[in-house]
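Here is the structure we will look at.
Below, read A as the first sequence line, B as the second, and so on, with proteins coming before strands; counting in each chain starts at 1. Note: hydrogens, waters and symmetry copies are ignored here, and every other heavy atom, side chains too, is used.
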Number of protein chains: 4
Amino acid sequence: MEPTTRDEACFEAGIKFGALYHQFAGTPVSPDSAASLETAIEESIENQPSCESVEVDILTDKLAAEIDHGYTELTGKFMAVEIVVEHEGTEVVTRMAMEDGYPLMKIESVGDE
Amino acid sequence: MEPTTRDEACFEAGIKFGALYHQFAGTPVSPDSAASLETAIEESIENQPSCESVEVDILTDKLAAEIDHGYTELTGKFMAVEIVVEHEGTEVVTRMAMEDGYPLMKIESVGDE
Amino acid sequence: MEPTTRDEACFEAGIKFGALYHQFAGTPVSPDSAASLETAIEESIENQPSCESVEVDILTDKLAAEIDHGYTELTGKFMAVEIVVEHEGTEVVTRMAMEDGYPLMKIESVGDE
Amino acid sequence: MEPTTRDEACFEAGIKFGALYHQFAGTPVSPDSAASLETAIEESIENQPSCESVEVDILTDKLAAEIDHGYTELTGKFMAVEIVVEHEGTEVVTRMAMEDGYPLMKIESVGDE
């Protein structure tokens, strides 16, 4: 059947997550450069349609503990992300965090604004 | 409120689209190398959870018409994509095509399998 | 024959350029988000071995002139980049700018520091 | 001082390596999809100027040993790569392999064809 506004809102939220992850995974990152990368990821993805807010937290302690040549490549295990999408009156709150060794992306809540 | 299975299915479909686009946009491509890239994109994204099928059509005629140094970078205007997600009994059919100069990703249908 | 230190310095400079371009091409960008992206690209690539400095200039006037949905995807035509590599006493200065419709990467100078 | 043809050949070889790595790192990959990804990477990078040949070997045994959800993201530890560049009569043979836990890219030989 035809998609509802709510379906579209959830779809849009997924697009932002897939985009964020696959655009920036692999970026060289160190504890010192983490802050500028967080800001750039947030402002970049917030450009996309229906994207209310993006919050990226690069886990610098974990980064510092695991690197020994000064930097590494960004992957899901070094990030916590929250993305809020607002599409025609429906708000979707989504989150990515590590679960069982994998970066799991999931919907926290869907509802009217 | 809590997400439903249907919400999650739409979210998963969005993730695949965002991933596909931002992983492969920018790849050097020519009419001769388009076929192997189509196959690799399809098989790569089909690895992701709940992904039933991915069909990528790189528009080689359009590619041939626009390049003059033998190759260009893959972007949305050179691709048509269909992705089908199946998540706990809900099937979501999604499509990307050019609309108004932009690669528009949208849900075609959502329903029970 | 075996590579010289100078060969390696030029090779390292090329790696940085290829990395920069293919990591960040496709990133959603607007005139408002260009500054944070410039900083993140610079600090990210400067993490790599032998990388003395990276200067990225996103051409916001050009960006503003070409976009009509608020943002676009970063490609070579919206960037000017200078990368300086220093490898075991040899300095290589490299630059990317548009030439003949293509983002051309080239060596400006190679020499002792 | 001005770059020589040999400098440029080494620079071009580096560009191909940086491009290959940062375009395809992060791609979802499994033992079953590795072959199509190898071919696509090779044909894609061979489009670039002066690129004679690209050989990518995705280490499927290593992949199979390390994944437990059916797939993982491509990174340097799952790849061996050889790239040959030919620029105005100078041939550069380059290779990437793991060394000391890092994917090390290096020049094997530089010379007249």
Side-chain angles (χ1 to χ4, degrees), chain C residues 1-27 40-41 44-51 54 74-76 81-85 87-88 90-96 99-113, chain D residues 1-27 40-41 44-51 54 74-76 81-85 87-88 90-96 99-113:
Chain C
M1 78 191 88
E2 295 282 301
T4 63
T5 297
R6 178 171 174 144
D7 293 335
E8 292 170 350
C10 294
F11 181 61
E12 287 296 325
I15 291 173
K16 272 71 186 164
F17 252 116
L20 185 156
Y21 196 86
H22 287 271
Q23 182 62 55
F24 294 103
T27 301
I41 295 175
S44 151
I45 301 299
E46 284 172 354
N47 282 314
Q48 295 194 323
S50 309
C51 194
V54 179
L74 187 66
T75 67
V81 180
E82 188 197 76
I83 298 178
V84 180
V85 156
H87 174 73
E88 296 182 16
T90 300
E91 188 185 74
V92 183
V93 180
T94 56
R95 207 174 294 282
M96 183 184 82
E99 211 159 294
D100 190 21
Y102 271 65
L104 197 71
M105 303 170 184
K106 62 181 176 189
I107 303 176
E108 289 269 304
S109 66
V110 187
D112 298 340
E113 285 180 288
Chain D
M1 81 190 88
E2 294 283 300
T4 64
T5 296
R6 178 171 174 144
D7 293 334
E8 291 170 351
C10 294
F11 181 62
E12 286 297 325
I15 291 174
K16 273 70 186 163
F17 251 116
L20 185 156
Y21 196 87
H22 287 271
Q23 183 62 55
F24 294 103
T27 301
I41 295 175
S44 149
I45 300 299
E46 284 173 354
N47 281 315
Q48 296 194 321
S50 310
C51 194
V54 178
L74 187 67
T75 67
V81 180
E82 188 195 78
I83 298 177
V84 179
V85 157
H87 173 74
E88 296 182 17
T90 300
E91 187 185 75
V92 184
V93 180
T94 55
R95 207 174 293 281
M96 183 183 81
E99 210 159 295
D100 190 22
Y102 270 67
L104 197 72
M105 301 169 185
K106 62 182 177 189
I107 303 176
E108 289 268 305
S109 66
V110 187
D112 297 340
E113 285 180 289

Between atom [atom1] of [X] and atom [atom2] of [Y], what is the distance when rounded to the nearest 0.5 Å?
X      : Y     : atom1 : atom2 : result
C:K106 : D:F11 : NZ    : CZ    : 10.5 Å
D:H22  : C:Y21 : NE2   : OH    : 15.5 Å
D:E12  : C:C10 : CD    : SG    : 11.0 Å
D:I15  : C:M96 : CD1   : CE    : 10.0 Å
D:M105 : C:E8  : CE    : CD    : 14.5 Å

D:D7 versus C:V110, closest heavy-atom pair with distance: OD2-CG2, 3.6 Å

Proximal component of C:T94, with respect to chain D [non-hydrogen, under 4.5 Å]: side chain

Whatever's closer than 4.5 Å to a heavy atom in chain C on D:E108 counts as backbone

